[in-house]
Structures are given as C-alpha cells and as structure tokens.
Amino acid sequence: FVMRYSADTQTTLGLHTDASLVTGSVKLNDNYKGATLIFPRQRITNKDIPIGKMILFPGPLTHGHRVDTLTEGTKYSATFWSARYEGDLL
C-alpha cells in the first residue's frame with residue numbers, strides 16, 4: 001500500500017515491528033524534508049536510498065523501525081509485506 005506523510009494527515013510513525021516475514025519499502029518522491037525511515041538497532045536509515053529502490057528487512061523482532069517527523073512537503077512511499085501461506089512448512 002502507499003503511505004502518505006503530510007501536515008494534514010500523518011507526520012510521523014512510532015517505533016514498531018511488522019507482522020510480516022519480510023517487509024519492503026520504496027520511496028516514491030524526494031521533494032520533502034524529514035520523514036526518514038530509521039532502524040535504531042541497526043543504526044541505518046533510508047535517507048540515501050534512491051527513489052524507486054526497495055529496501056527489504058525482516059518484519060518481526062530484530063528490525064524495529066520508525067519514521068521521524070515530516071517538516072516540509074508530502075512524502076509518499078510504497079510498503080510491501082509478506083506472509084507464510086497456509087500449509088507452509090517451518
């Protein structure tokens with residue numbers, strides 16, 4: 001789905017993990033300030049990831065992440081989640 005961060009909607013997202021095996025995130029624009037995706041434990045961000053490039057990370061437990069406050073413009077990003085299918089063997 002597409003995430004939209006703007007002054008009149010959502011400007012930040014608190015620290016959390018995802019209920020997915022693997023999560024993907026793609027920046028769709030760069031004409032905004034703030035709203036950086038941050039992985040505190042790994043000490044990395046998506047700040048220098050080019051538009052259209054996907055970052056993949058494990059959803060649960062190890063890769064808690066947050067989005068810092070948007071300060072200018074509107075940010076769009078596409079988010080993808082994966083899940084096990086019924087009957088999948090562990």
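Since the structure is predicted, the reported quantities are computational estimates derived from the model, not experimental observations. Note that these values count all heavy atoms, side chains included, but never hydrogens, waters or copies made by symmetry.
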Visitor: Count the heavy atoms of every other residue, nucleotide or ligand shown that sit under 6.0 Å from CZ of Arg41, and state whether that count exceeds 12.
Guide: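 Atom CZ in Arg41 is not crowded, with 12 or fewer foreign heavy atoms closer than 6.0 Å.
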Visitor: Applying the side-chain contact (heavy atoms from CB on, under 4.5 Å) criterion to Ile38, which one of Val67, Thr45, Asn46 satisfies it?
Guide: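 It is Thr45; the other options fail the test.
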Visitor: Within this structure, what is the OG1-CD distance for the pair Thr62 and Gln42, rounded to the nearest 0.5 Å?
Guide: 6.0 Å
Visitor: Please answer: with hydrophobic residues joined when any side-chain heavy atoms are less than 4.5 Å apart, are Ile55 and Leu13 in the same cluster?
Guide: yes
Visitor: Between atom CG of Leu56 and atom OG of Ser82, what is the distance when rounded to the nearest 0.5 Å?
Guide: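 OG of Ser82 is found 9.0 Å from CG of Leu56.
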Visitor: Identify the two heavy atoms, one from Asp8 and one from Arg4, that lie closest to each other, and give their separation to 0.1 Å.
Guide: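 Looking at all heavy atoms of both residues, the closest pair is OD1-NH1, 3.7 Å.
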Visitor: Just how far is it from atom OG1 of Thr71 to atom OH of Tyr5, taken to the nearest 0.5 Å?
Guide: 14.0 Å
Visitor: For Lys75 and Ala35, work out which heavy atoms get closest and say how close.
Guide: NZ-O, 2.6 Å
Visitor: For Pro40 and His65, work out which heavy atoms get closest and say how close.
Guide: CD-CA, 4.4 Å
Visitor: Kindly give the heavy-atom pair with the smallest separation between Asn29 and Tyr76, and that separation in Å.
Guide: OD1-N, 2.8 Å
Visitor: Using only atom types and a distance under 3.5 Å, with no angle test, would you say the side chain of Lys47 pairs donor to acceptor with the backbone of Thr36?
Guide: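 No, the answer is negative, given that no donor and acceptor are paired below the 3.5 Å cut-off.
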Visitor: Indicate the atoms forming the closest heavy-atom contact of Leu37 with Ser25, along with that distance.
Guide: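 Heavy atoms of Leu37 and Ser25 come nearest at CD2-OG, 3.9 Å.
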Visitor: For Phe57, which of Asp18, Ile44, Val22, Thr17 qualifies under side-chain contact (heavy atoms from CB on, under 4.5 Å)?
Guide: Asp18
Visitor: Do Phe1 and Met54 belong to the same hydrophobic cluster, where Ile, Leu, Val, Met, Phe, Trp and Tyr are linked whenever their side-chain heavy atoms lie under 4.5 Å apart, directly or via other members?
Guide: no
Visitor: If Ile, Leu, Val, Met, Phe, Trp and Tyr residues are connected whenever their side-chain heavy atoms lie under 4.5 Å apart, and connections chain through other members, are Phe39 and Ile49 in the same group?
Guide: yes
Visitor: If you take all heavy atoms of Thr23 and Trp81, which pair is closest and at what distance?
Guide: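 Thr23 and Trp81 have their closest heavy atoms at OG1-CD1, 3.4 Å.
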Visitor: Donor-acceptor check, side chain of Asp30 to backbone of Ile51, threshold 3.5 angstrom: yes or no?
Guide: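 No, because the side chain of Asp30 does not come within donor-acceptor range (under 3.5 Å) of the backbone of Ile51.
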Visitor: Check step by step if side chain to side chain contact (heavy atoms under 4.5 Å, CB included) holds for Thr74 and Tyr32.
Guide: CA-CA 6 Å; Thr74 301; Tyr32 60 89; 6.0 Å; no
